[in-house]
Number of protein chains: 2
Amino acid sequence: MSSPVPPRSSLTHRVPDLGAMVLLLAVARHGSLGRAAKEVGISQPAASGRIRSMERQLGVALLDRSPRGSRLTDAGALVTDWARRVVEAAEAFDAGAQALRDRRDSRLRVAASMTIAEYLLPGWLIALRAERPGTAVSLLAGNSAAVALRLLAGEADLGFVEGLSTPEGLDGTVIAHDRLVVVVAPSHSWARRERLTPGELAEAPLILREHGSGTRQILDAALAVHGGLARPLLELSSTTAVKGAAGSGAGPCVLSELALGEELSARRLVKVPVAGVRLRRQLRAVWPAGHRPTGPARDLLSLTARETGA
Amino acid sequence: MSSPVPPRSSLTHRVPDLGAMVLLLAVARHGSLGRAAKEVGISQPAASGRIRSMERQLGVALLDRSPRGSRLTDAGALVTDWARRVVEAAEAFDAGAQALRDRRDSRLRVAASMTIAEYLLPGWLIALRAERPGTAVSLLAGNSAAVALRLLAGEADLGFVEGLSTPEGLDGTVIAHDRLVVVVAPSHSWARRERLTPGELAEAPLILREHGSGTRQILDAALAVHGGLARPLLELSSTTAVKGAAGSGAGPCVLSELALGEELSARRLVKVPVAGVRLRRQLRAVWPAGHRPTGPARDLLSLTARETGA
DNA sequence: ATGAGGTCATAGGCTGGAGTTATGTCCAGC
DNA sequence: GCTGGACATAACTCCAGCCTATGACCTCAT
């Protein structure tokens with residue numbers, strides 16, 4: 001009876017807003033509504049009301065209130081963990097958005113490929129902010145050629161690219177590897193395959209990004225000896241579109257592991273291992289040849305490059 | 001002049017709210033403010049204003065508006081991708097929260113361990129919703145013993161547990177593996193180690209969850225032959241607290257790979273491989289012995305279990 | 001016991017953001 | 001030149017969330 005599902009039940013109406021989630025995290029940390037309120041800069045009654053209305057909205061008690069403070073209930077702990085993930089995504093959004101804005105007075109100008117800007121950079125910026133607060137960063141996203149151009153023109157201090165080699169005129173260091181994986185919808189016949197031969201992959205019509213995408217180049221190179229890539233099943237312009245098409249069962253696709261998070265753990269898409277082909281590409285930090293990064297650029301570089309000791 | 005940065009610059013004030021992000025995604029999909037407005041159930045001027053104020057807030061133009069529609073700018077595409085991740089996290093929140101609420105008339109009652117409820121279940125619920133809309137699910141989170149109890153008492157239809165074996169009285173199937181990894185802050189000396197010997201790990205004082213946690217049991221078992229676990233450096237009550245302590249350099253810790261997302265890619269924490277020890281645990285779906293799941297429980301099970309063909 | 005200091009809840013009044021409808025501007029194509 | 005789609009502007013309404021002030025309750029020290 002309670003839910004004839006009024007169609008206005010959009011996500012927004014079922015989910016508390018960011019402010020409420022931030023507040024909840026603060027309450028969890030402090031064990032007190034009042035102190036949490038202080039932390040987020042509102043009054044204690046405001047905090048009390050906000051949490052209460054969140055409990056109403058979710059239909060679950062989140063806190064055990066006592067005159068000695070407030071502790072999370074079991075359900076509250078779970079909700080808090082989910083909220084934390086939302087807030088972390090929002091922090092990444094914020095870090096990225098600030099870099100997009102700052103353009104002018106920024107002390108560190110970064111140019112990065114789309115994939116890196118999308119999936120990796122926000123995290124790095126958060127880490128950088130933690131270590132060197134107040135470093136204003138600006139971000140420019142583009143393909144490898146554009147990144148190289150910016151660096152050589154002195155319009156960027158540090159670049160990040162995917163690809164097989166360091167672009168002409170630049171020095172660089174490999175900071176990570178990005179594996180390409182073949183994925184299909186769970187209903188696809190390949191989903192039950194133990195593993196695929198390179199030949200099968202080469203012959204199969206795939207859902208791909210448009211020509212010129214980095215993913216496609218790697219794939220071409222890796223499969224050249226196995227007869228080359230078959231004619232694509234579909235060519236789409238964004239990673240998201242590719243994921244969507246593959247997820248709805250249109251066919252197999254090849255994507256960067258970075259682009260697949262949620263989809264894999266929710267089993268909307270499943271990986272299909274391919275035997276004997278190395279579908280990796282390198283992620284590199286790059287800079288104009290001979291000009292090792294200094295200052296803020298060095299800070300960011302050392303954040304990202306630690307693993308390879310660069 | 002424009003920004004003497006009023007200290008009220010909390011996350012909430014710098015980041016657009018969920019509604020705005022959902023709207024932006026709709027605009028990206030439809031290529032038109034008006035149609036996006038219709039999709040999210042608001043008027044065209046409202047949508048126009050919302051996007052405009054988001055652009056003001058971020059200081060970046062997101063759309064190229066023309067009398068023929070609206071397309072994302074380059075920056076807009078990036079912002080949209082970041083927004084998508086926030087919205088996805090919010091959807092997971094929503095899926096989980098609904099399961100927490102529904103208690104009453106739910107057709108599928110799930111009991112799950114904390115780790116699974118926290119990291120995996122929301123994704124499964126989203127997938128389940130996509131395949132079987134309208135399945136009301138209720139969730140109860142607890143440790144393995146609690147899950148078993150619920151199932152045997154007929155208070156839950158399907159359970160998910162971590163651990164080395166299927167609990168007494170239940171049948172089950174392994175649906176995935178969860179690797180435990182040793183992680184340290186990037187500044188820790190281990191961060192530069194190629195790999196660790198089991199002996200070193202056993203001897204080192206670690207940051208751990210309190211006694212009785214699943215992680216700790218596995219670790220104990222795996223290191224028993226190497227002299228057993230040393231006295232812990234710190235015992236904390238939540239995964240988050242452990243991550244926090246390790247991240248600020250207090251020492252090494254051992255965590256489920258599931259719990260480490262952001263932290264690894266942002267390099268707040270780095271993995272340290274350990275030679276020759278199998279730090280895995282199995283994630284199992286379980287049900288009362290002899291009563292193979294049917295109906296909605298079967299649907300959910302087949303969502304999660306596909307990979308092992310169960 | 002009794003008062004101090006902490007926690008949370010309630011009440012009343014204010015404000016601003018976001019929504020709505022109505023209308024204007026601009027461009028493309030018939 | 002007119003029609004239709006798409007976005008912008010304007011004026012008005014309304015409610016969600018905030019603040020201050022106050023009350024109730026518990027614990028602990030005096």
Side-chain angles (χ1 to χ4, degrees), chain A residues 6-58 60-73 76 80 83, chain B residues 6-58 60-73 76 80 83:
Chain A
R8 44 191 44 66
S9 271
S10 51
L11 188 63
T12 319
H13 295 112
R14 290 188 311 242
V15 172
D17 63 36
L18 272 174
M21 295 195 191
V22 169
L23 175 62
L24 180 63
L25 297 185
V27 174
R29 250 196 322 280
H30 287 122
S32 150
L33 276 169
R35 264 177 295 165
K38 186 163 296 178
E39 181 185 304
V40 308
I42 61 178
S43 68
Q44 171 267 316
S48 179
R50 212 120 154 67
I51 297 284
R52 184 165 296 282
S53 78
M54 179 160 36
E55 288 177 319
R56 250 207 333 273
Q57 182 180 32
L58 300 179
V60 175
L62 301 174
L63 297 181
D64 273 334
R65 289 150 236 249
S66 85
R68 304 184 44 218
S70 297
R71 279 243 152 300
L72 293 173
T73 60
T80 303
Chain B
R8 42 187 53 61
S9 271
S10 53
L11 187 63
T12 318
H13 296 113
R14 289 187 312 241
V15 173
D17 64 36
L18 272 175
M21 295 195 190
V22 169
L23 176 62
L24 180 62
L25 296 185
V27 174
R29 251 198 319 282
H30 287 122
S32 151
L33 276 168
R35 265 177 294 165
K38 186 163 294 177
E39 180 185 305
V40 308
I42 61 178
S43 68
Q44 171 266 316
S48 180
R50 214 122 152 66
I51 297 285
R52 185 166 295 282
S53 78
M54 179 162 33
E55 288 176 318
R56 249 206 334 273
Q57 182 179 32
L58 300 179
V60 175
L62 301 174
L63 298 181
D64 272 333
R65 289 149 236 248
S66 85
R68 305 184 45 219
S70 298
R71 282 241 149 300
L72 293 173
T73 60
T80 303

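Below, read A as the first sequence line, B as the second, and so on, with proteins coming before strands; counting in each chain starts at 1. The figures here come from the full heavy-atom set of this structure, side chains too, leaving out hydrogens, waters and symmetry mates.
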Output the rounded distance in Å from [atom1] ([X]) to [atom2] ([N]).
| X | N | atom1 | atom2 | value |
| --- | --- | --- | --- | --- |
| B:D64 | C:dC27 | CG | P | 15 Å |
| A:R71 | C:dC8 | CZ | P | 11 Å |
| A:K38 | C:dT7 | NZ | C1' | 13 Å |
| B:R52 | D:dT9 | CZ | C1' | 10 Å |
| A:H13 | D:dC15 | NE2 | C1' | 12 Å |

How would you label the contact of [X] with the nucleic acid (heavy atoms, under 4.0 Å): base, sugar-phosphate, or nothing?
| X | result |
| --- | --- |
| A:S32 | sugar-phosphate |
| B:A46 | base |
| B:S66 | sugar-phosphate |

Quick one: on DNA chain D, does A:R50 or B:R35 contact a more 5' nucleotide (nearest heavy atom)?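 Its nucleotide being nearer the 5' end, the pick is B:R35.
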Go through D:dC7, D:dC18, C:dA18 for me and flag the one nearest to the A:I42 side chain.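 Of the candidates, D:dC18 comes closest.
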Hey, is the main chain of B:G76 close enough, under 3.5 Å, to the side chain of B:T80 for a donor-acceptor pair? yes
Taking atom types as they are modelled, is there a donor-acceptor pair under 3.5 Å from the base of D:dA6 to the side chain of B:Q44? no
